[in-house]
Amino acid sequence: MNIPAALIALAVCCMLAVPALGAQGDVVRSVSTETPSVGDTVEVTITVPPGSIMGIVETIPGGFAFAGTTLPEGRYRVSGQQIILSAIDDTEIVYTLSAGQNGNCVISGVWEDFGTGETGEIAETSLTATGTGSAAAHEAPGFGIAVAAGALLLAGRRCLR
């Protein structure tokens, strides 16, 4: 079988130009609305690179309460205004906030990829809630085996350095 040289050159060029699949890339946050009314919910979506094994810590503003997530129990935890999420080969994590009081506020976050050792910040997201009221944060179940395994991977990786 005779493959034209131009086709081989194109295939090699594409292989060099297309990055390998893995946990390289940015972690991005988006929200369903930046201007909720008090009592409304805001759906927050965290997009992570395919193949990632990472921990994400989101800091939600006072006056907003955690209302749920698509992650199974044991892969998230809520402590005050922080939501700790574990992404294990997920490409998207969704959690919901309830707007409890009016005002301007910001969601911030950090992440660490246990596979690559990379860390970073998630760009801040501004929210402006309108109306009056208050909400209390809900406490979620503990981390469970999945997060403990991630922590052991991180500890083991650091011990081997």
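The figures here come from the full heavy-atom set of this structure, side chains too, leaving out hydrogens, waters and symmetry mates.
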### Message
Testing the 3.5 Å rule here: is there a donor-acceptor pair between the side chains of Thr130 and Asn102?
### Response
no
### Query
Any side-chain heavy-atom pair from Ile107 and Leu97 closer than 4.5 angstrom?
yes
### Task
Can you see which heavy atom on Val48 is nearest to which on Ala87, and at what distance?
CG2-CB, 4.3 Å
### Query
Considering residues, nucleotides and ligands other than Glu92, do more than 12 of their heavy atoms fall under 6.0 Å from its CD?
yes
### Query
Considering only heavy atoms from C-beta outward, does the side chain of Val44 approach that of Glu58 to under 4.5 Å?
yes
### Task
Could you tell me which non-hydrogen atom of Gln81 sits nearest to which non-hydrogen atom of Pro61, and how far apart they are?
NE2-O, 2.8 Å
### Query
Distance from Glu118 atom CD to Asp113 atom CG, nearest 0.5 Å?
6.0 Å
### Task
Drop me the distance from Glu43's CD to Thr69's OG1, to the nearest 0.5 angstrom.
10.0 Å
### Task
In sequence, state the C-alpha distance, the side-chain angles, and the governing distance for Val31 and Leu127, and then conclude on side chain to side chain contact (heavy atoms under 4.5 Å, CB included).
CA-CA 9 Å; Val31 293; Leu127 299 173; 4.3 Å; yes
#### Entry: Heavy-atom closest pair, residues Ala99 and Ala129
CB-CB, 4.4 Å
### Task
Check Ile93, Ile122, Ile56 against Arg29 for a side-chain contact (heavy atoms from CB on, under 4.5 Å) and give me the one that passes.
Ile122
### Message
Measuring only between side-chain heavy atoms, which start at C-beta, is Phe64 closer than 4.5 Å to Pro36?
### Response
yes
### Message
Within this structure, what is the CH2-OG distance for the pair Trp111 and Ser52, rounded to the nearest 0.5 Å?
### Response
8.0 Å
### Query
Mind checking whether Ile46 and Val27 have side chains closer than 4.5 Å, heavy atoms only?
yes
### Query
Are side-chain heavy atoms of Leu71 and Asp90 found at a separation under 4.5 Å?
yes
### Query
Would you say Val94 and Ile88 are hydrophobically clustered, going by side-chain heavy atoms of ILVMFWY under 4.5 Å?
no
### Query
When rounded to the nearest 0.5 angstrom, what distance separates CD in Glu34 from OG in Ser126?
7.0 Å
### Side-chain heavy atoms of Tyr76 within contact of Phe66, under 4.5 Å
yes
### Task
Flag yes if Ile60 and Val106 sit in one hydrophobic cluster, no otherwise; membership is Ile, Leu, Val, Met, Phe, Trp, Tyr, and two members link when side-chain heavy atoms are under 4.5 Å apart.
no
